[in-house]
There are 2 protein chains.
Amino acid sequence: MTTTRPRLSEVAALAGVSEKTVSNVINNYPHVTPRTREKVERALSQLKYRVNLSARSLASGRTGFIALAVPGLSNPYFATLAGHVIQAAAAQQWTVLIEQTDGDRNPESEVVGGSTSYLVDGIVLHPESLTSADLAARADSTPLVLLGEKPLNHVADRVVADNVAAAADLARHLLDGGRNRIATIGLDPHSELMASGLRSEGVRTALAEAGRQLDPDLSIGVGSYQRADGAAAMARLLALPEPPDAVICFNDVLAMGALSQLNRSRIAVPEQIAIAGFDDIEEAPFAAPSLTTIKWDTKRIAEEAVRLLAERHGSSEALPQREIVVGYELVVRESTAPVR
Amino acid sequence: MTTTRPRLSEVAALAGVSEKTVSNVINNYPHVTPRTREKVERALSQLKYRVNLSARSLASGRTGFIALAVPGLSNPYFATLAGHVIQAAAAQQWTVLIEQTDGDRNPESEVVGGSTSYLVDGIVLHPESLTSADLAARADSTPLVLLGEKPLNHVADRVVADNVAAAADLARHLLDGGRNRIATIGLDPHSELMASGLRSEGVRTALAEAGRQLDPDLSIGVGSYQRADGAAAMARLLALPEPPDAVICFNDVLAMGALSQLNRSRIAVPEQIAIAGFDDIEEAPFAAPSLTTIKWDTKRIAEEAVRLLAERHGSSEALPQREIVVGYELVVRESTAPVR
DNA sequence: GGAAACCTTTCTAGCGCTGTAAATCCGCTA
DNA sequence: TAGCGGATTTACAGCGCTAGAAAGGTTTCC
């Protein structure tokens, strides 16, 4: 157990001022004379005083925390995103609580409605299973920012990217490179509105523009976004009588799994089959061959999310629902070099 | 700003009991009659009551948080570790605050001595730069568990693995496979005691057993544990008049970087050069070729760390410094197949 | 039938800090 | 020198909850 730490009253006594003055010094209240400030600071450091954040939060109503809920940190994309959110939050004096939802509905709704929400000034959620209806029914008024997906309109502030357009760009790039049979590997969409659904739609759009359509046999659904799922899905594609000549995986982790399966099966990438993903995770440029992917501006996503939270937290008026659209970039690497 | 949430007093009024009785129900105090409990629970759910954790923590002295400080989440090893710690902590009703230190001394000492420490019931730190002396001088009495490294004796509880033995095993495996010129790529050791130093020592030990020694030219120091560092270091090794036939990277991220450089340079792995790492990150088995590495029992590390914290938090007596040694496993994969 | 013994519930203080409003101080002006 | 106005500082009341002890109820036993 922790021994007694110095309290404000002790610092005040030592410095010969009131508690409130000490508090003013700590909180950089402007109207404190240099002399007083110095006295207080001396006492502060002499006693090694540390503010008790629970007490501060109780008294001030500001908790100093925000929650970040993502499917899981083992996906490098979310790990990186979390890192950026932690940094952006630090600039606002916020500490980040990370919740892992596994993309399941229960933990997701617990985050937006459970008692975590009492503890935080705001919530950043990357939803995977929650629906618009769930969110609309939310009673809690803690500021909420939704991440990553286009949908879930008008239930909360959002920072989104255009998944449909990005996926279409990717498919067009493949078509331009001379690919004819394009396959996709992605989560069985819980809902049309989630990433998989949107990316799938983008691919279909691009194919339609080219006067083709997505062969249902070439559209593989997986249970989760793990490497092993990507590898297994790829194996299924290879077992087809007429395998694809390009595969779009709906995230890089799946793509890395698929790529490993291709290497294992001695299929030449990109000569025989091209492969691409989404997210531009750290390992993408280091893969063999390096992976073509869609790069989101993750840092900006994190910053905007925190900014939206801060704005809503700072003003008591009801702000309108806002949507920030962040850009993306098609990063072309070796894995999708054109067929000769 | 958040609108008013129901308070204990309102629940109490609705249920027709005292605040303390409501509190007793919430905290599962045993002596509450089923009838009273039911009345209270009805009121609780009717009002959608959520406890205010700041107030609880102020009143009870238990914060409900622990801090986990690691260099950074972008290293998949730490991301995975963080995931496990979050899970283990949840079992103790603890929420985890993640701090990213970048392995720098300032953030590390801020974690163990700064005001975060006022806010948490315990700290799990994976130190990179902090020395025994720093830790010994620590005034703060918040329970602290050190992770990962052997050293830093007698300043805090530790969960460690035998880095020297693991590295020696790896080197022996390479020697057994017929490798003659073993190189290492690792952080310029801040101190002999950190992972790089210990792993390096293990390699030297195994070489000495075999009557050889580490060629200084084959020991490359890097500035950080990133993929690009591994690739650059590998490039330097390849530029040598007499390149190595095996490379031990002091973590998997470096190894993946080195591997990509090898692939780029069309060097056959493992035929021309074998490569190995530490940590068994998720992508290791999916690399081409799959990566031989040392696998720590990360889940157990997380669990033991949380357990140590819980024990120290739960008892007011001064427990002795404890050290938990977790095992490791040499996972042999394709990247170190023996030379023919 | 009455009192001891035990189970339940209520009462009363804070936990350590901040916000508000009021008190005090100080330098100037008239 | 008194009077003013703004700059500083202080007093004090909680924030919402839990701990400990007192009070109130009920059962049991002689």
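Small disclaimer: the values here were computed from a predicted structure and weren't measured.
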Using the test ring pair (Phe, Tyr, Trp, His ring centres under 6.0 Å), find all partners of B:F65 that sit at least two apart in sequence or belong to another chain. A:F65
For residues 66-89 of chain A, dump all side-chain donor-acceptor pairs below 3.5 Å to protein atoms at least two apart in sequence or in another chain.
residue, atom, partner, partner atom, Å
A:N75, OD1, A:Y77, N, 2.8
A:T80, OG1, A:P76, O, 2.9

Step through the shown structure and confirm whether more than 12 heavy atoms of other residues, nucleotides or ligands are within 6.0 Å of NZ on B:K39. yes
Assess whether salt bridge (charged side-chain N to carboxylate O under 4.0 Å, His left out) is satisfied between A:R307 and A:E311, documenting all intermediate values. CA-CA 6 Å; A:R307 186 178 64 77; A:E311 282 178 18; 2.4 Å; yes
Between B:S23 and D:dT18, is there a side-chain N or O to OP1/OP2 distance below 4.0 Å? yes
Determine: side-chain N/O of A:N27 to OP1/OP2 of C:dT18, distance under 4.0 Å, yes or no. yes
Side-chain contact check for B:T21: nearest option of C:dT9, C:dG16, D:dT18 is C:dT9
Which whole-number value in Å describes the distance from B:R7 CZ to D:dC15 P? 6 Å
Nearest whole angstrom, please: distance from the C1' of D:dA19 to the CD1 of B:I26. 15 Å
Just how far, in rounded Å, is P of C:dC15 from CD of A:E10? 11 Å
Give, ordered by number, those residues of residues 29-45 of chain B having at least one heavy-atom distance below 4.0 Å to an atom of DNA chain C; if nothing qualifies, reply none. B:Y29, B:H31, B:V32, B:T33, B:T36
Hey, could you give me the CZ/CG distance between A:R42 and A:L47, rounded to the nearest 0.5 Å? 13.0 Å
Could you state the CG-C1' distance from A:L47 to C:dG16, rounded to the nearest angstrom? 15 Å
Check whether any side-chain N or O of A:S18 sits under 4.0 Å from OP1 or OP2 of D:dA11, and answer yes or no. no
Find which nucleotide of DNA chain C each of B:V17 and A:S57 is nearest to by heavy atoms, and output the residue with the more 5' nucleotide. B:V17
Among D:dG16, D:dC17, C:dT20, the nucleotide that comes nearest once only the side chain of A:K20 is considered: C:dT20
Other residues, nucleotides, ligands: >12 heavy atoms within 6.0 Å of A:R105 CZ: no
Taking for each residue the nucleotide of DNA chain D with the nearest heavy atom, is it A:N24 or B:L8 whose nucleotide lies nearer the 5' end? A:N24
Without decimals, in angstroms, what is the distance between B:L58 CG and D:dC17 P? 12 Å
What I want to check is whether the side chains of A:S57 and A:S54 have a donor and an acceptor closer together than 3.5 Å. no
Protein-nucleotide distance (A:E19, atom CD; C:dC15, atom P), rounded to Å: 11 Å
